[in-house]
Amino acid sequence: MNGDTLYSIGDLARRTGLTVKTVRFYSDAGIVPPADRSPAGYRLYGTDAVARLDLVRTLRELGLDLPTIRKVVDREVSLPEVAAAHADALEVQIRVLRLRRAVLTAVAKRGSTPEELDLMHKLAKLSEDERQRLIDDFLDTVFDGLYDHPAFAAVTRSLTPELPDDPEAEQVEAWVELAELFQDPGFRSTMQGMARDLAADRAPDDSTGLPRVLAEALRAQVAPALAAGIDPASPEAEPVVTALAAHYAHILALPDDTTLRRRLVSRLETMDDLRRDRYLTLLAVVNGWPAPESLAPVLDWAIAALRARLSQ
């Protein structure tokens, strides 16, 4: 076959596996122009038309639009440039699809109402700037009046979710639930109270603003007692209660007395909020951190042990 060989539309359709109607459509669009006409006026195509149609079919299967394809086959733009731009566009579509899948998965799990579905969809679609404004509004409420506290920056960083650019479905689902918590007035109030308690629990000479972490002491002292099955009201629990009270007294530089133990119970009850545990779990999912251990069991035990002794 030499370079002068010409094909009718029917010949071209057979060689490319396309229909005559499809070949004519691309020809009418100027993507595969005829090289000549037969004496009867029928369109005839050169050998390059086969290669053009193969390229057009591939690009169409990849989702490119006809105007872009025409520029590629006419060499007005390079194929690598078009491929890069199209890959970026597909990346955006993939993110949108992941968001939709996460929302639908959450709806299926939770049995959401149409109103909840609408809210979840809106939360999932928030831009990065919109997400940050929602987070900032929540943290501003929680730490209102505490901006000069020495530990402010470190604590806010530890509570800030950062959804990655290419999140997994479970990260999107966790973000949606976090965003709902951000807007829960009761939870905001609880977290604000907790922040104020932590700010208040400092020794007079403490310039760092970082109390000797109460949660760590709780786990260290109470977890073994829980594992051993010790009743919080039993005499065997006394050394644990004494150690916890001594630790808290050391934080505040105050004596271990009834007043201090009542204050400690109040602090532990504020911390003993299942939504707080849930927040930290969701935060870990969004940020890709290890799953935190729930503090609820040790809090419940410590509160019961302290109350048993305060009531005596």
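Under the ring pair (Phe, Tyr, Trp, His ring centres under 6.0 Å) criterion, the residue pairs touching residues 263-292 are Phe138-Tyr279, Phe187-Tyr279, with sequence neighbours excluded. Judged as a ring pair (Phe, Tyr, Trp, His ring centres under 6.0 Å), not a single pair has a partner in residues 26-73 (not counting sequence neighbours).
Tyr147 and Ile135 fall within the same hydrophobic cluster, defined by Ile, Leu, Val, Met, Phe, Trp and Tyr side-chain heavy atoms under 4.5 Å apart, directly or through other members. Val285 and Leu282 end up in different hydrophobic clusters when Ile, Leu, Val, Met, Phe, Trp and Tyr side chains are linked at under 4.5 Å. Each of Ile94 and Trp175 belongs to its own hydrophobic cluster when Ile, Leu, Val, Met, Phe, Trp and Tyr are linked at side-chain heavy-atom distances under 4.5 angstrom.
In this structure, the side chains of Leu12 and Leu18 stay at 4.5 Å or more apart for every pair of heavy atoms. Side-chain contact between Asp201 and Tyr248 is present, with at least one heavy-atom pair separated by less than 4.5 Å. Counting heavy atoms from C-beta on, the side chains of Met271 and Leu268 come closer than 4.5 Å. Under the 4.5 Å side-chain criterion, counting only non-hydrogen atoms from C-beta, Arg37 is not in contact with Leu44. Considering only heavy atoms from C-beta on, Val23 stays 4.5 Å or farther from Val20 through its side chain. Within the 4.5 Å cutoff, the side chain of Asp36 has no heavy atoms near those of the Arg43 side chain. Looking at Glu173 and Glu177, their side chains never come closer than 4.5 Å, going by heavy atoms from C-beta outward. Within the 4.5 Å cutoff, side-chain heavy atoms of Arg14 are placed close to those of Asp11.
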Inset, instruction - Could you walk me through whether Glu238 and Arg309 pass the side-chain contact (heavy atoms from CB on, under 4.5 Å) test, one step at a time? - result: CA-CA 9 Å; Glu238 186 62 38; Arg309 283 148 184 83; 2.7 Å; yes
Legend entry - Worked check of side-chain contact (heavy atoms from CB on, under 4.5 Å) between Leu6 and Thr47: CA-CA 7 Å; Leu6 296 174; Thr47 54; over 6 Å; no
Legend entry - side-chain contact (heavy atoms from CB on, under 4.5 Å) between Arg24 and Asp28, intermediate numbers included: CA-CA 6 Å; Arg24 184 177 290 112; Asp28 290 343; 3.7 Å; yes
Inset, instruction - Under the side-chain contact (heavy atoms from CB on, under 4.5 Å) rule, what do Thr5 and Tyr7 come out as? Steps first, then yes or no, please. - result: CA-CA 7 Å; Thr5 302; Tyr7 303 108; 3.9 Å; yes
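Between Leu159 and Pro161, the closest heavy-atom pair is O-CD, 3.4 Å. Between Ala296 and Asp277, the shortest heavy-atom distance links the atoms N-OD2, 3.5 Å. Between Val72 and Leu59 the shortest heavy-atom distance is CG1-CD1, 4.1 Å. In this structure, Val222 and Ala302 approach most closely via the heavy-atom pair CG2-CB, 4.3 Å. Here the shortest heavy-atom pairing between Ala243 and Gln221 reads CB-OE1, 3.5 Å. In terms of heavy atoms, Ala284 sits closest to Pro292 at CB-CD, 3.7 Å.
The CG atom of Leu295 lies 8.5 Å from the CD atom of Glu293; values are rounded to the nearest 0.5 Å. Going from atom CG of Leu280 over to atom CZ of Arg275 covers 13.0 Å, rounded to the nearest 0.5 Å. A distance of 9.0 Å separates CG in Leu62 from CD1 in Ile69, rounded to the nearest 0.5 Å. Going from atom CG of Leu178 over to atom CG of Leu283 covers 6.5 Å, rounded to the nearest 0.5 Å. In this structure, Leu214 CG and Asp197 CG are separated by 10.5 Å, a value rounded to the nearest 0.5 Å. Taken to the nearest 0.5 Å, the CD atom of Gln192 stands 12.0 Å off from the OG1 atom of Thr270.
Between the side chain of Gln183 and the backbone N or O of Ala179 there is at least one donor-acceptor pair closer than 3.5 Å. One N or O on the side chain of Arg70 and one on the backbone of Ala29 form a donor-acceptor pair closer than 3.5 Å. Asn287 places a side-chain N or O within 3.5 Å of a backbone atom of Glu162 that can act as its donor or acceptor partner. Put simply, the side chain of Thr160 gets close to the backbone of Thr156: a donor and an acceptor are under 3.5 Å apart. Not one N or O on the side chain of Ser189 forms a donor-acceptor pair closer than 3.5 Å with the backbone of Pro185. In terms of modelled atom types and a separation under 3.5 Å, the side chain of Arg196 and the main chain of Phe143 share no donor-acceptor contact. Side-chain N or O atoms of Arg188 include none that pairs as donor or acceptor with a backbone N or O of Val142 at under 3.5 Å.
A salt bridge between Asp74 and Lys71 is absent, with no side-chain N of the basic residue lying under 4.0 Å from a carboxylate O of the acidic one. Using a cut-off of 4.0 Å between Lys/Arg side-chain N and Asp/Glu carboxylate O, Arg131 and Asp136 are scored as not salt-bridged. Residues Arg307 and Glu269 are paired through a salt bridge, judged by an N-O separation under 4.0 Å between the basic side chain and the carboxylate. Electrostatic pairing of Asp54 and Arg15 does not count as a salt bridge here, judged by no charged N lying under 4.0 Å from a carboxylate O. Between Arg263 and Asp257, none of the side-chain N atoms (NZ, or NE/NH1/NH2) sits under 4.0 Å from a carboxylate O, so this pair counts as no salt bridge.
Around CG of Asp148, the count of heavy atoms belonging to other residues, nucleotides or ligands within 6.0 Å does not exceed 12.
Thr190 and Arg276 are not linked by any side-chain donor-acceptor pair at a separation below 3.5 angstrom, with hydrogens and angles left out of the test. A donor-acceptor contact closer than 3.5 angstrom is absent between the side chains of Asp144 and Thr141.
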Using a 3.5 Å cut-off and no angle test, enumerate the donor-acceptor pairs between side-chain atoms of residues 226-235 and protein atoms at least two apart in sequence or in another chain.
from	atom 1	to	atom 2	distance (Å)
Asp231	OD1	Ala233	N	2.9
Ser234	OG	Asp231	O	2.6
Ser234	OG	Glu236	OE1	3.2

